[in-house]
2 protein chains.
Amino acid sequence: MGRELVRQGGRSARIQREVHAATQSLVGRFDRSAITVPMIADLAGVTPSTIYRRWGDLGSLLADVASEKLRPISDPDDTGSTASDLEAFVLQYAEEMSSKVGRDLLRDVLADAEDTAATKCWRYTYDHLETIAARASARGDAPLEPGLIIDRVIAPICFHILFGDRDVSADYCRGLLAGLRAVDNPAE
Amino acid sequence: MGRELVRQGGRSARIQREVHAATQSLVGRFDRSAITVPMIADLAGVTPSTIYRRWGDLGSLLADVASEKLRPISDPDDTGSTASDLEAFVLQYAEEMSSKVGRDLLRDVLADAEDTAATKCWRYTYDHLETIAARASARGDAPLEPGLIIDRVIAPICFHILFGDRDVSADYCRGLLAGLRAVDNPAE
DNA sequence: ATTCTTAACGCAAAATATTTGCATTAAGGC
DNA sequence: GCCTTAATGCAAATATTTTGCGTTAAGAAT
């Protein structure tokens with residue numbers, strides 16, 4: 001007898017879609033503190049108990065929805081050169097994440113005790129960086145370490161967004177990227 | 001007539017202490033998901049409505065308590081040299097924050113919509129780095145930019161703790177610090 | 001010291017949100 | 001088409017959060 005961990009079929013999948021859609025809609029219109037499970041259930045045309053049984057609590061649902069929303073639809077743009085691929089990706093990342101909605105999504109993902117949402121989230125970023133790195137090596141450019149980009153560029157961006165201690169401008173991001181090049185070409 | 005924004009006197013202050021103490025005690029013994037406002041109120045010998053009126057909700061109380069707990073008691077150790085001052089501080093920071101309690105405190109601070117807790121939190125770190133920087137310049141050592149330390153050392157540490165994508169070991173932290181020295185002495 | 005004003009609290013009722021037991025529906029295997 | 005059971009709906013039971021109102025006590029004024 002074949003085993004199925006979670007049912008993927010019609011009703012279950014439909015409800016998940018509707019709950020996600022309702023949540024996204026509310027998250028876009030109201031403050032976190034104003035959103036409740038019964039509110040989402042109402043909009044989704046579902047009983048609150050369904051949501052509680054499936055997601056546990058509001059925080060987990062928000063984290064789930066946020067991680068889905070954060071999932072990129074496509075590979076990072078191929079702009080022709082490694083440096084501009086990376087810059088384009090980083091600037092877009094910073095702009096999305098530093099907006100109010102981006103910041104809230106980040107918080108929702110990190111607030112959840114289960115870190116499956118957080119894991120998904122950094123994996124998306126790593127994957128994109130690996131795509132860019134693969135292109136770089138295909139071009140014969142200097143190899144590009146995703147881990148280093150995370151440490152030197154992505155991490156500071158996330159830090160400042162989360163703690164709100166400084167503005168994350170495009171120039172600031174370009175500065176981080178410039179610091180990165182100094183590592184590749186220490187003689188320069 | 002003199003104005004007072006918040007009463008500091010006996011009863012109010014005592015209740016704040018008791019609620020903080022009760023919260024810390026519960027946070028140390030139970031999971032976040034098991035902690036409720038009535039539970040804290042009970043342990044503190046206070047009515048739940050007092051907590052709701054004063055802190056708004058559980059998240060804000062947890063953030064408040066966490067930021068207080070994160071407040072350093074003393075200046076960073078003076079170990080004799082700038083490099084070892086910095087290393088000692090960073091290693092202690094990483095160790096405290098990467099423990100289960102440290103990670104939870106960080107999350108509590110960042111989860112709150114009001115970012116007064118988050119602001120306090122990074123200010124503590126900046127202040128310590130500025131203390132170390134002041135010592136460095138008093139010794140005639142190379143100047144030390146707190147902002148750079150944040151970007152290059154603290155931010156990656158926080159990132160990995162929050163996202164859980166890698167272990168934050170002492171060796172890893174020392175590697176971050178080594179990368180920092182390469183900036184000061186690019187010729188090396 | 002005494003009085004006055006009012007922020008902060010306690011209490012209890014009301015409003016909401018969460019959990020749970022049980023009946024029903026429908027996905028996926030046969 | 002039948003069977004098993006995960007997932008849902010419904011409603012009752014709990015638990016939490018909010019709110020109105022009386023009381024307490026901090027800090028200012030006299």
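Every chain is numbered from 1, with letters handed out A, B, ... down the list of sequences.
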message = Using a heavy-atom cut-off of 4.0 Å across all strands, would you classify Thr47(B) as base, sugar-phosphate, or nothing?
response =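 Counting heavy atoms under 4.0 Å across all strands, the contact made by Thr47(B) includes a base.
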Take the protein atom [atom1] of [X] and the nucleotide atom [atom2] of [N], then report the distance between them rounded to whole Å.
X: Arg14(B); N: dG10(C); atom1: CZ; atom2: P; answer: 8 Å
X: Glu18(A); N: dT8(D); atom1: CD; atom2: P; answer: 11 Å
X: Asp42(A); N: dG9(D); atom1: CG; atom2: P; answer: 12 Å
X: Ile51(A); N: dC10(D); atom1: CD1; atom2: C1'; answer: 15 Å
X: Ile35(B); N: dT16(D); atom1: CD1; atom2: C1'; answer: 16 Å
X: Ile40(A); N: dT16(C); atom1: CD1; atom2: P; answer: 17 Å
X: Ile15(B); N: dC11(C); atom1: CD1; atom2: P; answer: 11 Å

message = Any donor-acceptor pair, under 3.5 Å, between the side chain of Ser49(B) and the base of dC11(C), if you only look at N and O atoms?
response =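 Checked by distance alone, the answer is yes.
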query = Quick one: does Arg11(A) reach the base of dG28(C) with a side-chain donor-acceptor pair under 3.5 Å?
reply = no
Nearest to the side chain of [X], heavy atoms from C-beta on, is which of [options]?
X: Ser12(A); options: dA8(C), dT18(D), dT8(D); result: dT8(D)
X: Thr36(A); options: dT16(D), dA8(C), dA17(C); result: dA17(C)
X: Val46(A); options: dG9(D), dG20(D), dA17(C); result: dG9(D)

inquiry  = Distance check, rounded to the nearest 0.5 Å: Thr116(B) atom OG1 versus Asp64(B) atom CG?
reply    = 7.0 Å
request  = State whether Asp127(A) and Arg71(A) are salt-bridged, where the test is any N-O pair (Lys NZ or Arg NE/NH1/NH2 against Asp/Glu carboxylate O) under 4.0 Å.
outcome  = no
Going by atom types alone, do [X] and [Y] pair a side-chain donor with an acceptor below 3.5 Å?
X: Thr82(A); Y: Asp85(A); value: no
X: Arg29(A); Y: Ser25(A); value: yes
X: His128(B); Y: Tyr93(B); value: no

ask   = DNA chain C: Gln16(B) or Val37(A), which has the more 5' nearest nucleotide?
value =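 Of the two residues, Gln16(B) wins.
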message = Side-chain N or O of Arg54(B) versus OP1/OP2 of dC9(C): is the shortest distance under 4.0 Å?
response = yes
task = Ignoring backbone atoms, establish whether Arg53(B) has a side-chain N or O less than 4.0 Å from OP1 or OP2 of dC9(C).
result =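 For dC9(C), OP1/OP2 do not have a side-chain N/O of Arg53(B) under 4.0 Å.
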